[in-house]
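As structure tokens, the structure follows; a few thoughts come after it.
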Amino acid sequence: MSGYGAIKCGELRAEHVGKEVDLYGWVARRRDHGGLIFIDLRDRWGVVQVVFNPADAPEAAAQAGELRGEYVVRVSGAVKRRLPGNENAKLPTGEVEVQAAELEVLTTSRTPPFPIEGEAAPEESIRLRYRYLDLRRAEMLRILAVRHRVNKIIHGYLDEQQFLEVETPMLMKSTPEGARDFLVPSRLHQGSFYALPQSPQTLKQLLMVAGVQRYYQIARCLRDEALRADRQPEFTQLDIEMSFNDEEDVFELTEGLIARLWKEVVGVELERPFPRLSIRDSLLKYGTDKPDLRYELEIADVGDLLKDTEARIFRQVLDGGGVVRALAVPGGGDLTRRELDELVGLAKSARGQGLAWFPGQIEKFLTAAEVEGIRAATGAEEGDLVLLAADRRRRAETIMGLVRAEVARRRNLVRTEEWRFAWVFPMYLFEEDDDGNLTYAHHPFTRPVEEDLAFVEERPYDVRAHAYDLVCNGYELGGGSLRIYDREMQERVFGILGLPLEKVRERFGFLLEAFEYGVPPHGGIAWGIDRVVMMLAGTDNIRDVIAFPKTQSMQDLMLGAPSPVDPVQLDELGLALKPRPPRVP
RNA sequence: GGUCCCGUGGUGUAGCCUGGCCAAACACGCGGCCCUGUCAAGGCCGAGAACGCCGGUUCGAAUCCGGUCGGGACCGCCA
């Protein structure tokens, strides 16, 4: 076989006219005229028409009658300019065709379970079951190519900037915080487990101690958490860390790379620098930490305006320490009851009580001054509808964030051609855990804004961090922080977190020890490469940018994973399966 | 842990709300025959689903109800 260097089907052009070629590819279509037979031959580069004419190649023409979809063939023949009037403007190869002299069927194919040609993808489970056929579709090969290009540009850019790519282990150590780990039992150390990396976070910090100074890695990360349209258990990060830097260096580097990617992959010149938005404003105005800025619709806090309200639903929430947030829907006065109910349903899906609105149900419980105040705060104009959510702060934000996005979508307010990047910065250092206790928002090594430590005792949740997220069009594309390098500062933070040094040592002793040997100030960022590729490929689904993804229930429908294993394997590992508790009907 | 949507020949859909006219329609695909310039080729003929599965309601269920399995979206979760 010498087809490797052969010309590609999809690359044939008028300039090749007169050449004798060998073509290798898949049969995309057969048009059999009884005498003449046309074959569309497809490879990764595209499709070209092959003509079999019994008058000049009877044997090949006879064989061609037996061809079926997805047969893999070799065709040799001459590239010819198509007869005038027979060109196909829809095909890049449409000016030419190959006059077949010889046909060799390399392999046959069963009728595929779904069409490889054609735009519409079949149901997801079928695509995943036959992923190799799904990937054969031009759209999927195109996305694979986008991903390849992204990786290549990343390598090139960071190499120019003198970054060193370093690989870190897949068999790591489990830590109780963060996402749930995937565990790997140790055979040699029975009863002990490795953990697959959630991210190379601690290792890249050690590489800074090592003096690498500029590190990056396109790293596979694994988290055993619930899936979403933009989340897979296995995903890929561009992990970056540098020394002697501040966040401005991270922003500059990142923006430069993002700008290059957008320019080279989709031909878009991005405006820089990216705007910045504090986490406080983001949650308040957009109800999310990853705002979509392609539409306005700002949420307003109207709790103060209602501090003396008689309306019971607001009274109760406000007295209970909750908040009231409001959003004006431009021209929303014409929303039907049904549409309003759907928005209420959205609020309920976030476990909220619902929504209030005016003009409408809530108006009779509010004073004219309150209504006017809220209208002013939300910028509502004549004919607008004002939606209100009253709840605990975090929940009210979630509800309003969902409502804001839904309203924008329904009313076609999203400027879909725009790329609205922003840095969410600064972020908070601490947050409240489920039990109302203070915990870290990112990880315990995130560097606080030093001046804010002055009020850490009184208002710990207002302490800012040198931490940032990169967002675009409602997606979080990456996040990072500067790290604490000063021992005193680190111990102080542990103290505030109520983490006894002993406890910390158990988990992160290796890191703390390393930091005793001359640690450079450092910080970095990690991007979700899958999401970057999603944006550049124009899909809203992470499964489309991963060659072999898992379903929402974390199964691989093609491999049939996960699967039970041979008891012998379990025994070798010193593992025994617990009987499943019987189902209680 | 929870909420919601979807599941009809190989594929994509219609039918389901308003049960009987549905052993189920349409398109593509598939098989056969005809056809020397098509390119979503065309023409003729044909095969193919008892409606994911289980149970219930009913004289009667693809259609209503419950459960279950599979896929998806979301909330929680994802330092």
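Protein chains get the first letters and strands the later ones, always in sequence-line order, with residue 1 at the start of each.
With B:G72, B:C78, B:C74 as the candidates, the nucleotide lying closest to the side chain of A:Thr551 is B:G72. Nearest to the side-chain atoms of A:Asn541 among the listed nucleotides B:G71, B:G76, B:A73 stands B:A73.
The distance between atom CZ of A:Arg395 and atom P of B:C77, rounded to the nearest whole Å, is 11 Å. The nearest whole Å value for the distance from the CG atom in A:Asp540 to the C1' atom in B:G72 is 12 Å. Atom CE in A:Met554 sits about 12 Å away from atom P in B:G72, given to the nearest Å. B:C78 atom C1' lies 10 Å from atom CD of A:Glu476, rounded to whole Å. For the pair A:Leu227 CG and B:G76 P, the interatomic distance rounds to 16 Å; values are reported in whole Å. Spacing between atom CD of A:Glu397 and atom C1' of B:G76 amounts to 16 Å, rounded to whole angstrom units. Rounded to an integer number of Å, the gap from CG of A:Asp391 to C1' of B:C75 is 13 Å. Rounded to a whole Å, the CG atom of A:Asp556 is 15 Å from the C1' atom of B:G70.
Using a 4.0 Å heavy-atom cutoff across all strands shown, A:Arg129 reaches no nucleic acid atom at all. Among the atoms of the strands shown, none is found under 4.0 Å from any heavy atom of A:Leu346. Residue contacts shown for A:Thr398 are limited to sugar-phosphate atoms, with no base heavy atom under 4.0 Å away. Within the 4.0 angstrom heavy-atom criterion, only backbone atoms of the sugar-phosphate kind lie near A:Ser553; the bases stay farther away. Among the heavy atoms of the strands lying under 4.0 Å from A:Gln555 are primed sugar atoms or P, OP1, OP2 only; no base atom is included.
With both ends at atom P, the span from B:C21 to B:A61 equals 11 Å, rounded to whole Å. B:C45 and B:G52 have their C1' atoms separated by 33 Å, with the value rounded to a whole Å. Between B:C51 and B:G46, the two C1' atoms lie 23 Å apart (nearest whole Å). Comparing B:G7 with B:C16, their C1' atoms sit 13 Å apart, to the nearest whole Å. Taking atom C1' in both B:G10 and B:A49, the straight-line distance is 11 Å, to the nearest Å. The gap from the P atom of B:C65 to that of B:C17 amounts to 9 Å, rounded to the nearest Å. The same atom, P, is picked in B:C64 and in B:U18; the two are 8 Å apart, to the nearest Å. Spacing between B:C26 and B:G76 at atom P, rounded to whole Å, works out to 47 Å.
When Watson-Crick and G-U wobble pairs are counted only if both distances are under 3.5 Å, B:C4 pairs with B:G72. Of the nucleotides present, none pairs with B:A61 by Watson-Crick or G-U wobble criteria with both distances under 3.5 Å. Base pairing annotation: B:C22 forms no Watson-Crick or G-U wobble pair, as no partner gives both donor-acceptor distances under 3.5 Å. Partner assigned to B:G46 is B:C30, using Watson-Crick or G-U wobble distances below 3.5 angstrom. Across all strands shown, B:C39 remains unpaired; no Watson-Crick or G-U wobble contact has both distances below 3.5 Å.
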Protein-to-nucleotide contact annotation, 5' to 3' order, nucleotides 1-16 of chain B [B base; S sugar-phosphate only; - none; under 4.0 Å, heavy atom]:
BS-------SSS----
Treat primed atoms plus P, OP1 and OP2 as sugar-phosphate and everything else as base, then score nucleotides 34-41 of chain B 5' to 3': B for base contact with protein heavy atoms under 4.0 Å, S for sugar-phosphate contact only, - for none.
-BBBBBSB
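Contact annotation: A:Arg543 reaches the phosphate of B:G72 (side-chain N/O to OP1 or OP2, under 4.0 Å).
Between the side chains of A:Thr439 and A:Asp433, not a single donor N or O lies within less than 3.5 Å of an accepting N or O. Of the N and O atoms on the side chains of A:Tyr215 and A:Asp239, at least one donor lies less than 3.5 Å from an acceptor on the other residue. For the residue pair A:Gln201 / A:Ser199, no side-chain donor-acceptor distance below 3.5 Å is found, with atom types taken as modelled.
With contacts defined as side-chain heavy-atom distances shorter than 4.5 Å, the pair A:Thr398/A:Arg351 does not qualify.
Around atom NZ of A:Lys8, more than 12 heavy atoms belonging to other residues, nucleotides or ligands sit under 6.0 Å away. Within a 6.0 Å sphere centred on CD of A:Glu139, other residues, nucleotides and ligands contribute more than 12 heavy atoms.
Under the 30°/60° scheme for interplanar angles, the aromatic rings of A:Phe445 and A:His443 are found to be tilted.
Taking the charged nitrogens against the carboxylate oxygens, A:Glu432 and A:Arg394 have no contact shorter than 4.0 Å, which rules out a salt bridge.
Between A:His522 and A:Phe515, the gap from one ring centroid to the other is short of 6.0 Å.
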Show your reasoning for whether side-chain contact (heavy atoms from CB on, under 4.5 Å) applies to A:Lys290 and A:Tyr475.
CA-CA 6 Å; A:Lys290 40 181 193 289; A:Tyr475 287 93; 5.7 Å; no
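Exactly one of A:Leu12, A:Ile39, A:Thr93 qualifies for a side chain to side chain contact (heavy atoms under 4.5 Å, CB included) with A:Val98. That residue is A:Leu12.
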